[in-house]
K.L.:
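Here it is: the structure, laid out below.
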Amino acid sequence: MKYEVIIYWSDEDEAFIAEVPELPGCAADGETYQEAVQNVEIIMQQWIETAQEIGRSVPQPKGRLMFA
């Protein structure tokens, strides 16, 4: 999965938040940066599987971090 992930600290949640802008509503948190990344990888897979099961389209990664 080559989706962009945005990770930031949330004082309100007292946790790191990892969001995947290309997959609406796809986000996870964690006590550490690494835990947030691990959790969002699981959530991304579940998001994609659920979208496929209910017949919704899955956006293709934009590939901003990929080089030509």
Side-chain angles (χ1 to χ4, degrees):
M1 291 181 281
K2 296 185 180 186
Y3 291 98
E4 177 182 46
V5 176
I6 299 172
I7 303 170
Y8 59 92
W9 174 257
S10 170
D11 285 332
E12 182 178 333
D13 298 311
E14 296 184 3
F16 285 93
I17 307 296
E19 296 180 352
V20 185
E22 294 172 78
L23 306 177
C26 185
D29 65 359
E31 290 183 16
T32 66
Y33 184 95
Q34 293 82 2
E35 185 178 319
V37 170
Q38 290 172 346
N39 291 341
V40 83
E41 287 176 351
I42 294 166
I43 298 301
M44 280 192 297
Q45 186 62 42
Q46 292 174 346
W47 192 104
I48 291 167
E49 288 172 3
T50 300
Q52 291 171 336
E53 287 173 9
I54 62 175
R56 291 196 177 160
S57 63
V58 176
Q60 291 297 313
K62 292 181 181 171
R64 288 183 234 194
L65 302 178
M66 298 171 66
F67 297 95

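Since this is a predicted model, take the numbers as computed values, not measurements.
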K.L.:
Look at the side-chain heavy atoms of Ile, Leu, Val, Met, Phe, Trp and Tyr, link any pair under 4.5 Å apart, and say whether I43 and I7 land in one connected group.
P.N.:
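Shared cluster, no.
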
K.L.:
Any idea which heavy atoms bring M44 and Y3 closest together, and the distance?
P.N.:
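Looks like SD-CB, 4.1 Å.
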
K.L.:
Run through the side-chain heavy atoms of Ile, Leu, Val, Met, Phe, Trp and Tyr, join any pair under 4.5 Å, and report what else lands in Y8's cluster.
P.N.:
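Joined to Y8, directly or through intermediates: I6, I17.
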
K.L.:
Quick one: side-chain hydrogen bond (donor to acceptor under 3.5 Å, both in side chains) partners of S10, sequence neighbours excluded?
P.N.:
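In terms of side-chain hydrogen bond (donor to acceptor under 3.5 Å, both in side chains), with neighbours along the sequence ignored, S10 is linked to D13.
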
K.L.:
Do E22 and K62 make a side-chain contact, defined as non-hydrogen atoms from C-beta onward lying under 4.5 Å apart?
P.N.:
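E22 reaches K62 side chain to side chain.
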
K.L.:
In Å and rounded to the nearest 0.5 Å, what is the CD to CD distance from E53 to Q46?
P.N.:
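If I round to the nearest 0.5 Å, the distance is 10.5 Å.
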
K.L.:
List, one per line, each side-chain donor-acceptor pair under 3.5 Å for residues 23-39, sequence neighbours excluded.
P.N.:
unit_1: T32; atom_1: OG1; unit_2: E35; atom_2: N; d: 3.0
unit_1: N39; atom_1: ND2; unit_2: D29; atom_2: O; d: 2.7
unit_1: N39; atom_1: ND2; unit_2: E35; atom_2: O; d: 3.3

K.L.:
Considering residues at least two apart in sequence or located in another chain, which fulfil the side-chain hydrogen bond (donor to acceptor under 3.5 Å, both in side chains) criterion with E49?
P.N.:
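Expected list: Q45.
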
K.L.:
Determine the minimum heavy-atom distance between A18 and V5, stating which atoms define it.
P.N.:
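Smallest heavy-atom distance, with atoms named: CB-CG1, 4.0 Å.
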
K.L.:
Quick check for you: to the nearest 0.5 Å, what is the distance between E4 atom CD and E19 atom CD?
P.N.:
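One finds 10.5 Å between CD of E4 and CD of E19.
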
